[in-house]
Amino acid sequence: MSAPAPPAVGKRTLLVEDDAETCRFIAGELEAAGYTVTAVAHGRAGLLQAGTAEFDVLVIDRMLPRLDGLSLVTALRCMGITVPIIFLTALSRVDERVEGLRAGGDDYLIKPFAVAELLARIEAIGRRGPLNPQAALLRVGDLALDRLRWRATRGDRRIDLQPREFRLLEYLMLHAGKTLTRTMLLEAVWDFHFDPRTSLVESHISRLRAKVDRGFDRPLIHTVWGVGYRMSDGR
Amino acid sequence: MDARRQRGNVFRMASFRLAVLGTLLSTLSAIIVFALIYIATGRAAREEFAPIVTGDFADLQSDIALDGTLRAQIAMAIRASSHSFYALADAQGRWIMGNIALPPGGPGWHMLTAGTATGTEGSALPPGVAAVVGQTRRLTDGRLLFIGEDASVFARLNRFIAYLFAAVFGVMLTIGLLASLIIANYSLRRVRAISSVSHQIVAGDLSHRIKLYGIDDELDVLITDLNRMLATIERLVENARQVTSDIAHDLRTPLTRLRDHLVLAARRTAEPGPAGPAPAGGLVRAIEQTDQIIAIFAALLRIAELDAGASKASFAPLDLSALCGSLAESYQPVAEDRGQRLAAEIEPGCHIRGDADAITQMVVNLVENAIRHCPPGTEMALRVRHVGEWVAIEMADRGPGIPEALHERAFDRFVRLDPARRGEGHGLGLALVRAVVLAHEGSVALADNGPGLLVRIFLPAS
């Protein structure tokens, strides 16, 4: 987990965050994960940087001096800059999340967050995988999901899925190879924007595992300790 | 509590009732005035004819002195005049002769009209005569003699006055009632304007103000004061919101840093273990505790937002049946993993207006409360159904329940009723449920499920 050769394409990050300590911490963690980070402390500097240099992902705080995050993103989108953007914010209100996404943000992360959560989200939106999100047929190894007929098969075995299990599997397969956090699953599969206090995700993953992986040598659903889950044909 | 009570009916307005009362009072005075006129006309008729009638009596008496028989004189007089009327009766009032019936009532002045002339013998009012005014006198021999004059002119005048009265009465009543309706409608419109603004305010949009009519009447004075009050409330609520988001920013940032430092420390001190590097247990617990503080903070902020009505802006039509059905489906595996059974008894088509996120969190809190506080093997049910104009959401379980004396306290913040579970959860679950319910103008109560707990929520159906 070191970053020897910047700037690696696909990992160029612009971080716009006014709190120096938070900024240093996030930048350090991102660099440790192999990203190159350009950090600026206010909105106008962010606008200047994003408008002149190439980035693969922008991480922007909602509350910024000189030009606030929302206006910055609106301005960038007006300039035709389509780089994926993640908002960081201390505001958790529903309408503020909606506002952020409407302004052109791709994802919304509420402070405080685990760095692993930010990394997972950057990975999920930064480099789009080879899978077309509109594809009718999803494949990971010998697991196939027919999204039109609502049917899953592994090898030649048919898998019966509950509606919620189907959506969970679909989301995992769409992001195959990427680590998905519990929060990402809650937002995407259940549309929960709060932390449930029971093992909702774990219960559903364990049921899905029993259907998808039990009886096969190679498991497809992997637990990433302390972070979340990943679907992949590999390790 | 019923927000959708009938919003004012014209006929029940105070202004309508007052205006109707006014109309009725003026109609009553009109009746009195017309009655006086009517009586005065009658008296005028009598005064007009009294000398004539008295003259007739005198003539008759002097004629009798000349030529002895009264009956012959009367017969002559009848022949001589077409508008004088005579009736002769014996001492008992039995009619003897004449060209009109003897008016009932004995000696004195009488006014006979088509309605009152009901003699049993002799002719009633002759054709073409509308009224007769005259006097009955007892003659010296005890017989009764009535002499009357044709008073048709006065009868016609009276009838004209009566018609006029009826017309005026009708017009007055019609105009009065119409005016009452218009006045009441006007007041109702203004009251509705105030009421609709206050509904919007209750619904969380504090920016509305009541429109002035600009006529400086008592309602305008009231509206000016109300608007001033609303401006103050809006400023205070805006302040509270500002403080809330300031706290969010000011406290969450140091919390983020604290957590970050703990994570860094944990990584630095991690020692290789069988399942990858494992940080010191103390640091892991410290991170968990920090997360717990953050969760409490998030829940408190959420409650504060709901209380401030912040979610009202995102109210939208919501299929509660579908939402609860899908949540029950999601939580059935969680319950099963704990050896519990969660049933869903959901009537389809229960719709409300609400904030989908808040309602979801409310139902999740109910279901998770039941799951977390009930032992394995417990049966529980999530129910949704229509009850009149409301949608009822019920979470019923057969678990340990809550003593009835504590039902009201259960909704307070940071209350944990089960001392054995201190440390688990943050005691904000039901407080948040209540905040969501109140933000949706509903009601929530706990009840004994005999055994177990029943949480019942009513939300206005749409």
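What you see is a predicted model; the values in this text were computed from it and never measured. Below, read A as the first sequence line, B as the second, and so on, with proteins coming before strands; counting in each chain starts at 1. All values below were derived from every heavy atom in this structure, side-chain atoms included, with hydrogens, water molecules and symmetry-related copies excluded.
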Enquirer: Calculate, to the nearest 0.5 Å, the distance between atoms CG and CG belonging to A:Leu76 and A:Leu58 respectively.
Expert: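 Spacing of CG (A:Leu76) from CG (A:Leu58) equals 6.5 Å.
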Enquirer: Check whether A:Phe192 gets within reach of chain B through its side chain, its backbone, both or neither, counting any heavy atom under 4.5 Å.
Expert: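 Answer is side chain: those atoms of A:Phe192 sit under 4.5 Å from chain B.
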Enquirer: What's the spacing between A:Ile221 CD1 and A:Tyr229 OH if we round to 0.5 Å?
Expert: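 Between atom CD1 of A:Ile221 and atom OH of A:Tyr229 there are 10.0 Å.
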Enquirer: Check salt bridge (charged side-chain N to carboxylate O under 4.0 Å, His left out) between B:Arg353 and all other residues, then give those that pass, not counting sequence neighbours.
Expert: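 So B:Arg353 forms no salt bridge (charged side-chain N to carboxylate O under 4.0 Å, His left out) with any residue.
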Enquirer: What are the residues of residues 208-217 of chain A, in order of number, with any heavy atom under 4.5 angstrom from a heavy atom of chain B?
Expert: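 When heavy atoms of chain B are the reference, residues 208-217 of chain A contributes no residue within the under-4.5 Å range.
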Enquirer: From the options A:Leu109, A:Val59, A:Asp61, A:Leu70, select the one residue that forms a side chain to side chain contact (heavy atoms under 4.5 Å, CB included) with A:Phe87.
Expert: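 Answer after filtering A:Leu109, A:Val59, A:Asp61, A:Leu70: A:Leu70.
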Enquirer: Just jot down the salt bridge (charged side-chain N to carboxylate O under 4.0 Å, His left out) partners of B:Glu368, sequence neighbours excluded, or say none.
Expert: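 With sequence neighbours excluded, B:Glu368 shows a salt bridge (charged side-chain N to carboxylate O under 4.0 Å, His left out) to no residue whatsoever.
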Enquirer: Find the one option among B:Leu327, B:Val334, B:Ile294 whose heavy-atom pairs under 4.5 Å with chain A are most numerous.
Expert: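 Winner by heavy-atom pair count: B:Val334.
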Enquirer: Got a sec, which pairs hit side chain to side chain donor-acceptor pair (under 3.5 Å) with one end in residues 315-326 of chain B, sequence neighbours left out?
Expert: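 Qualifying pairs: A:Arg164-B:Ser326.
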Enquirer: One thing to verify: whether B:Arg341 and B:Glu379 come together as a salt bridge, which I'm taking to mean a side-chain N less than 4.0 angstrom from a carboxylate O.
Expert: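 Salt bridge present between B:Glu379 and B:Arg341.
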Enquirer: Checking A:Glu29 against chain B: side chain, backbone, both or neither under 4.5 Å from a heavy atom?
Expert: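 Looking at A:Glu29, just its side chain touches chain B.
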Enquirer: What I want to find out is whether A:Glu170 reaches A:Arg147 closely enough, with some N-O distance under 4.0 Å, to be called a salt bridge.
Expert: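 The answer is yes: the pair qualifies as a salt bridge.
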Enquirer: Checking A:Asp195 against chain B: side chain, backbone, both or neither under 4.5 Å from a heavy atom?
Expert: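 When you check distances to chain B, no heavy atom of A:Asp195 falls under 4.5 Å.
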